[in-house]
2 protein chains.
Amino acid sequence: MVDVAKRAGVSLKTVSRVVNGSPQVQPELAARVQEAIAELGFRRNHLASALRSGQQTATVGLLIEEIANPFYATIAGVVAETARAHDTLLFTASSEEDPVREELLLRDLCARRVDGLIVVPAGYDHGFLRSEAERGLPVVFLDRPGGGLVADTVLLDNRGGTRAGVERLLAGGHRRIAVLLDSVGVYTMRERLAGAQEALAAAGLPYDPALVREGVKDPDSAAAVVAELSDVDAYVCLNNRITVGALQELVRRGSDAELLGFDDFELSYLMPRRFTVIAYDTRELARRAAELLFARIAGDKTWPRTEVLPTHLIERGLR
Amino acid sequence: MVDVAKRAGVSLKTVSRVVNGSPQVQPELAARVQEAIAELGFRRNHLASALRSGQQTATVGLLIEEIANPFYATIAGVVAETARAHDTLLFTASSEEDPVREELLLRDLCARRVDGLIVVPAGYDHGFLRSEAERGLPVVFLDRPGGGLVADTVLLDNRGGTRAGVERLLAGGHRRIAVLLDSVGVYTMRERLAGAQEALAAAGLPYDPALVREGVKDPDSAAAVVAELSDVDAYVCLNNRITVGALQELVRRGSDAELLGFDDFELSYLMPRRFTVIAYDTRELARRAAELLFARIAGDKTWPRTEVLPTHLIERGLR
DNA sequence: ATGAAAGCGCTAACAA
DNA sequence: TTGTTAGCGCTTTCAT
């Protein structure tokens, strides 16, 4: 800026005014400054500007589990769009379900003085964010509740989703209903399992632990579990990776058992057999979180809110 | 930092040393400082640190077309991983195929003094980056070449991919071969089309413009084009959205025409009929770009390279 | 309408 | 080993 000022024969402050589009500057001077800026290839240092003004950095952070996963990619897309509408740049970081990494990344984001944070929690304690939050850093938890910090939260009705799905299975006369899930260590899995169990209990069905299979981490192990549990008349899969594996195995065996899966997925309508998904609007989920965040950044000081989005059942697959 | 120094009864510089893990400080003092840091909830301002040290900001920028697209999400995942391995945070931004937005975003990223840039070009002229590049900002173009700037570039063998695919169709005796594409405005589409035409020309087939259909933007319009061109014995789809639409229409009609599509996609192996994809390793593509970038950031001053990744043909679908 | 001086929070260079 | 001083590039405050 000093160089630009020298070249344009004005003071540093005038350059600053021009760069910031301040109206209080003579057009002629402004033109000279613009010229000098172009000649020198000057580009304002946003870091220095944010440092001095102490105001906002026009940056927000998004912490998700894994960006390559379509669910999180969709979320990132919506948050990026919203950020863009607010002339804000977006840091994206992935915790990979690791609470240690989560804390490291969140601390780093704070150190870069982001204006706000959207977090899909990997860990259970976010107390380390409290001092920042108290100083005015807005935090929104997405898809899972955070811990040790009162903050805005946007969730899915996980429990209601499986409850409704299992009720439909029961209404269809199915009694031997297996549930396949990843890990009860994850909030959404616990909720979804609870919803299924609520529906089973309400129908007076005895709890059969042999029909609840945890540790199904990928499509292949889902297929293996389905192969093993062949005397079942309906399978409930608590995420779409499990659903895909189960589906493949059912097709392979030519089984006509019912299949109910949480999460819709791309091309589900082209799958080779009929099944039911518990679907929801991922974009809306992210939109709510992003809007909440930018409302906070704009100064909304009302009490933190928790919003819960509905799910609905959709028939998928060919035939 | 001043407050921490006061509280710990040391100088500001000592705090700085502790925060930066400098070894030249007595354990006892360091402990006092740590304590003060914890009590005050101090967190080092990374912006100020980067400003003063004038060194790197430990930040890179990734500019893609659209983060919600699985191709770009995969790329973002790999770049994020690599960035993480270098203790670097990642800005992700989407140009949405708009050159104006691309320039705005890239300028903004430069203003935030990123250490490097990975760009999937939307526009044709990146001359506006030249001054930054000359000052030492590393830029890597990914998936498409950039314009007006000599920089590292990582591409796919688009032309060779369709050429090989169409050659296989020809070897199978197919003669009426239709090509469906989005827009020749996009580099990859032009290359893929050229590859198909090279193979057709080499086989001595006359060029039939009626069999080349541009402007196929989504699965539905692909389906419509397939419905219209029913006297064809093979369809070549230049991206996976088109492939999915064509596939659906072929299944609907019970057609046994051949289908060849550029890009593999998730669950392609579960599609209800056989077809061929021109596949490639998206992660490897991104990995090369990210490694190139971090090598430059680490000081690699060799002449800019262009790397081209191979494609291969894979049979997909059930039956 | 324009400019001079101070200082944002930190680190480099030097001194003690 | 620890502290002092200057200054990164910018914006603020206050003067002109």
Side-chain angles (χ1 to χ4, degrees), chain A residues 1-34 36-37 40-59 107-115 131-132 135-137, chain B residues 1-34 36-37 40-59 107-115 131-132 135-137:
Chain A
M1 242 180 192
V2 175
D3 298 342
V4 172
K6 272 193 193 125
R7 181 145 194 148
V10 298
S11 83
L12 194 156
K13 178 65 220 187
T14 302
V15 178
S16 169
R17 278 195 257 263
V18 171
V19 166
N20 290 297
S22 168
Q24 322 274 57
V25 58
Q26 285 201 327
E28 194 223 320
L29 273 193
R32 279 224 313 273
V33 171
Q34 291 290 12
I37 286 176
L40 270 56
F42 167 83
R43 204 151 293 171
R44 178 248 232 105
N45 185 329
H46 189 276
L47 276 60
S49 147
L51 175 61
R52 177 61 242 243
S53 70
Q55 300 306 304
Q56 314 206 140
T57 54
T59 309
R107 282 185 187 279
D108 197 356
L109 288 164
C110 290
R112 281 131 191 286
R113 297 300 188 262
V114 293
D115 298 334
S131 60
E132 300 289 337
R135 282 176 214 175
L137 177 75
Chain B
M1 243 181 191
V2 175
D3 299 342
V4 173
K6 272 193 192 122
R7 181 145 193 149
V10 297
S11 85
L12 195 157
K13 180 66 216 186
T14 302
V15 178
S16 170
R17 278 196 257 264
V18 171
V19 166
N20 291 296
S22 168
Q24 321 273 56
V25 57
Q26 284 203 331
E28 193 222 320
L29 272 193
R32 278 223 314 273
V33 171
Q34 291 289 12
I37 286 176
L40 269 56
F42 166 85
R43 203 150 295 169
R44 178 252 231 103
N45 185 330
H46 189 276
L47 276 59
S49 149
L51 176 61
R52 176 62 244 241
S53 70
Q55 300 306 304
Q56 315 206 136
T57 53
T59 309
R107 282 186 186 278
D108 196 357
L109 288 165
C110 289
R112 282 129 191 290
R113 297 299 187 263
V114 293
D115 297 334
S131 59
E132 300 289 337
R135 282 176 215 175
L137 177 75

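Just so we're on the same page: letters track the sequence lines, and every chain starts at 1. This one's a predicted model, so the numbers in the text were calculated from it and none came from an experiment.
Comparing C:dG9, C:dC10, C:dA12 by their nearest atom to the side chain of B:M1 picks out C:dC10. Closest contact between the side chain of A:V10 and the listed nucleotides C:dA1, C:dG3, D:dT4 involves C:dG3. Side-chain atoms of B:T14 lie closest to D:dG3 of the nucleotides D:dT1, D:dG3, D:dT11. Comparing C:dT11, D:dT11, D:dG9 against the side chain of B:S49 picks out C:dT11 as the nearest. Here D:dA6 is the nucleotide among C:dG3, D:dG9, D:dA6 with the atom lying nearest to any side-chain atom of B:R52.
Within 4.0 Å (heavy atoms only), A:L12 reaches at least one base atom of the nucleic acid. Heavy atoms of B:R44 sit under 4.0 angstrom from primed sugar atoms or phosphate atoms, though from no base atom.
With a 4.5 Å cut-off on side-chain heavy atoms, A:H46 and B:R113 do not count as touching. A 4.5 Å side-chain heavy-atom check between B:I37 and B:V19 finds at least one atom pair inside the cut-off. With contacts defined as side-chain heavy-atom distances shorter than 4.5 Å, the pair A:R44/A:N20 qualifies.
For A:D108 and A:R112, the salt-bridge test passes: some basic side-chain N is under 4.0 Å from an acidic carboxylate O.
Taking atom CD of residue B:Q56 and atom C1' of nucleotide C:dA12, one finds them 17 Å apart after rounding to whole Å. Rounding to whole angstrom units, CD1 of residue B:I37 and P of C:dC10 are separated by 10 Å. Atom NZ of B:K6 and atom P of C:dG9 are 12 Å apart (whole Å). Look at CZ on B:R113: it is 9 Å from C1' on D:dG9, rounded to the nearest Å. Taking atom CG of B:N20 as the reference point, atom C1' of D:dT1 lies 16 Å away to the nearest angstrom. Residue A:L47 contributes atom CG, which lies 15 Å from atom P of D:dC8 at whole-angstrom precision. The interatomic distance linking A:H46 (NE2) with C:dC8 (C1') rounds to 15 Å, in whole Å.
Nearest-nucleotide assignment on DNA chain D puts the 5′-proximal partner with B:G9, out of B:L51 and B:G9. In terms of position along DNA chain D, the nucleotide closest to B:Q26 lies nearer the 5' end than the nucleotide closest to the other residue of the pair B:Q26 and B:A48.
Between the side chain of A:R32 and the main chain of A:A8, a donor-acceptor pair closer than 3.5 Å is present.
In terms of phosphate contacts, A:S16 brings a side-chain nitrogen or oxygen within less than 4.0 Å of OP1 or OP2 of D:dT11. Within the structure, every side-chain polar atom (N or O) of B:S53 is placed at least 4.0 Å from both OP1 and OP2 of C:dT11. The shortest distance between the side-chain N/O atoms of A:N45 and the OP1/OP2 oxygens of D:dC8 is not below 4.0 Å.
A donor-acceptor contact under 3.5 Å is formed by the side chain of B:R17 with the base of D:dG3.
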